[in-house]
Each structure stands twice: as C-alpha cells, then as structure tokens.
Amino acid sequence: MNNLPKKKILIIEDDRALQNALVEIMEQTGYEVACAFDGEEGLQKLAAGEPDLILLDIVLPGKDGYEVLEAIKKNDGTKNIPVLILTNLEEIDNVQRALDLGATTFMVKSDFSLKDVVEKIKESLK
Amino acid sequence: MFWKLLDDLNFIARCRKYNLGLWQCPNFLFLVMSIVTVIAMLVTNSIANRYNSEAITIFGVSGVTALIMTVGTFVIRGVEKIAEANIMKSEFISIISHQLCTPLSAVKWNLEILEAEGDGKLSEKQKIFFGNVKKSNEKMLKLVGDLLEVIRIDQGKTIFNIKDTDLVPLAEEVIEDLGYLTNSKNVEIIKKFDADLPPARVDAKKMKIVMENLISNAVKYSRDGGRVEVKLYPQKRKILFIIQDWGVGIPRYQHSRIFEKFFRSDNKSRYRTEGVGLGLYLVRAILEYFNGEIWFESEADKGSTFYVSLPAA
C-alpha cells in the first residue's frame, strides 16, 4: 500500500472552514490534496496537477461549479477524472444539471458526514 | 359561520394584514367591482328603457364594460402583487436557508474532526459540553433542513427516489437519533415491529423525515417520564405505522388545523415545546408523494395516536 503513489484530490470549495475540514480528513485518509477557492483557480490547479478526483462545490465566486464542470468535461485530458459535486443545493434541477454535465455523484453537505464523503471518494476511485 | 363571513368582509382589516394599500387589496377591489357591476346593470337597464335607442344602449354598455375592465385591471394588479410577494418570500427563505447551511455544515464537519482528535483525551465535563455543541448544531440543521424541504415541496423541486424500503431499520435509526430527546424527557419508546414486515414503496430519506417528525412530536408532547409506542405492521397491501403517546393531546377545536403550515397548537406554550409548526405539514406533503395517508385520534390531556398507511411493495 505504501509503495503506491498517493491519489491526488483537488478540492474546489470557497468556504474556508469546510475546506479545512475536508483537507484534514483527506490527508488523514492518505490522499494528497490540492485546494482552490474559486472556479478559475480550480481550473488552473487542474491544468497544473492532474488530480485523480475532483470535489466540486456549485456556488463559487466568479465561475460557478457548473461552468467548471463543463470545462473539465470538454477537455479531452481531464474529461475522465471523476467529479464529485459537494453542495448544499438540493433542488432537482441542480442535481439533474450536474449529472447531465457529467458529474459522477451529487452529495449534499448538510446530509453527509466527512466519513460519508470519504466513502464516496473511495467508491469513485475504485 | 356568520361571524366568519363578516370577518371576511372586513376588508380594511384584511388589507392591513396583507400589508397592502386599499387600491391594491383584492378583497376591497372585488367589492368595488361587484358594486360597479350591479350599478352598471341598473344604469344600462334604465337607459335602455328610457331612450329606446340602440345607439345609446350600445354606447352605455361599452362604457360600462370599459369601467369594469379598468377595475378588473386593478384587481389583477392586486393579486399579482400578492403572488410576487409570495415568490419573494419563498426565494428569501430559500437564500437564507442555503446561507445557513454552509456554516452549519462547516460546524458539523469541524466537530467531526475535533471529535476524532479528542477521542479518549476529553474529560467527562468536556465531553458534556462537546455533546451540547453537537446536539445544538444538529437541531439547527434539522430545522433549516425541514424549512428547505417545505419550500422545495411547495415549488415542486424536491427529489423523490421511491424504492422498496425496509422500514424497521429506518425506524430503529430514527429512534436512536432521537435519543437525546427521549433521554432529556426520560420518555420510554416501546417498539412493536412486525417480524415479517414487507418493504414499503417510499423514499428512504423522506420517510425518515416523516418518522422523525411524528416520533419526536410524540416525545415532545409527552409528560416527563411517559412512554411512546411505535408500531409497524402489515395490513392487506399496506403497511401501518402507528405512533401513540399519552401526553397533552390536541384540543378538539384545533383538530382541523394541525396539518396547516406554521400552525402550532395552543398547548405548545404550556409545555414549552420547541418547533415552528412545519413538521406535520411536511409529513403530509411527503406522504402524498408516496400515495400514503395520515390520520389521527387525539384528546386534550389524554394523548394522541397518529396513523400512517403506506403502500407495501
């Protein structure tokens, strides 16, 4: 296990308190983490780092999560990276839009514990 | 009946309640419109009788129609204003709730980290205070969650994922989650679950909201040290979920109102129970999506029994 290179996760989330907790749990689980606080920064980090998985918020300053998702899925180099949506928007149109754009799964922050988030990540990385 | 009618006609009070000016208030405008219509008919009739001329009659009728349409426009504006206010209210609540969700989720996740860090290192006293923070945050999350759920259901934006669902583990989970409430009131929950219960056709997450609200109501309105019975058993092609308490009950004159949004029974203050009056409204709205039904029996000071019937798989 230790010989394998660590999986890289890119977290795009504008709330620092949420971001901190996510980074902590990801590092504890054994992932390498990169963070971005808005959509633009997220896409830059994506180009620089080639993550194995992306955690993406929807409500972001500037480019929102949908735009970021669209950009990820349009680019041949990144379109196969699983994107897990992590948001508090739970309306059916939001979920549908994200899934139509190619998101792997949709998680509602207030319903999920960090443990649940880690479970979903593990599932998606299989 | 008569007083209610009179109350409805008291448009000045109504308009004040809606926070609208007289000329924007539908109640007042409808009254004006009916008066105008009656007068217009009388005037047209008398003109037609007196002059016996087609031209004058046509002129009269056109004039009256124009008048009615003008008043009608005012009426429509008034109604529109109320509709707009309603949309704005929903949007406002929705934005506020979303804004509340982020910090509440942040508290929850950061507590989760802290809890793992502090495992085995906290004193008994620290554990109690830590538990308090966690419980309060969970309460707040539930409150905001219910509020958002109501808005989503009202706007038809909620997601229903109806599948065959085993209700027993779901009920067990809900009862365990409500442990803080049952412990603080020292209420005993007696579970009577049928061993061969077939699965129900429901959305598990929404069904949890239904169970949570009904069971927590029963506990909240029980007397300290009381008991609550939760039953699940099959009946024909349905599943019955029954929650019975021997607490404060609902006064008969309020029976017809308990499923209304933001309604709270008079006995709430007597027992200082928390809540905003969304629970039963939400429960009934969710059950409609499952083709389920809810009814109850209740008597003041004797307790309540709520019955939920759900389609079996």
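Quick note on labels: first sequence line is chain A, next is B, and so on, each numbered from 1.
- For the set Asp93(A), Val108(A), Ile92(A), Val117(A), the count of heavy-atom pairs under 4.5 angstrom toward chain B peaks at Ile92(A).
- By the 6.0 Å contact criterion, NZ on Lys73(A) is enclosed, its count of non-hydrogen atoms from other residues, nucleotides or ligands being greater than 12.
- Contact of Gln99(B) with chain A is not made at all, since no heavy-atom distance falls under 4.5 Å.
- The contact between Thr158(B) and chain A is made entirely by backbone atoms, counting heavy-atom distances below 4.5 Å.
- Applying the 6.0 Å contact sphere to CD of Glu50(A) captures no more than 12 heavy atoms from other residues, nucleotides or ligands.
- Of the inter-residue distances, the one linking Leu114(A) atom CG with Asn110(B) atom CG reads 8.0 Å to the nearest 0.5 angstrom.
- For the pair Val144(B) and Ser110(A), the minimum side-chain heavy-atom distance is 4.5 Å or more.
- Using a 4.5 Å cut-off between heavy atoms, Asp15(A) contacts chain B through its side chain alone, with no backbone atom that close.
- Contact annotation for Asp111(A): both backbone and side-chain heavy atoms come within less than 4.5 Å of a heavy atom of chain B.
- One finds the CG atom of Leu111(B) at 12.5 Å from the OG atom of Ser113(A) (value rounded to the nearest 0.5 Å).
- Heavy atoms of Leu141(B) lying under 4.5 Å from chain A belong exclusively to its side chain.
- The neighbour count for Glu172(B) CD, taken as heavy atoms of other residues, nucleotides or ligands under 6.0 Å away, is above 12.
- Separating the CD atom in Gln96(A) from the CD1 atom in Ile159(B) is a distance of 8.0 Å, to the nearest 0.5 Å.
- In this structure, CD on Glu24(A) lies 14.0 Å from CH2 on Trp109(B), to the nearest 0.5 angstrom.
- Within 6.0 Å of atom NZ in Lys45(A), more than 12 heavy atoms from other residues, nucleotides or ligands are found, so the atom counts as buried in its surroundings.
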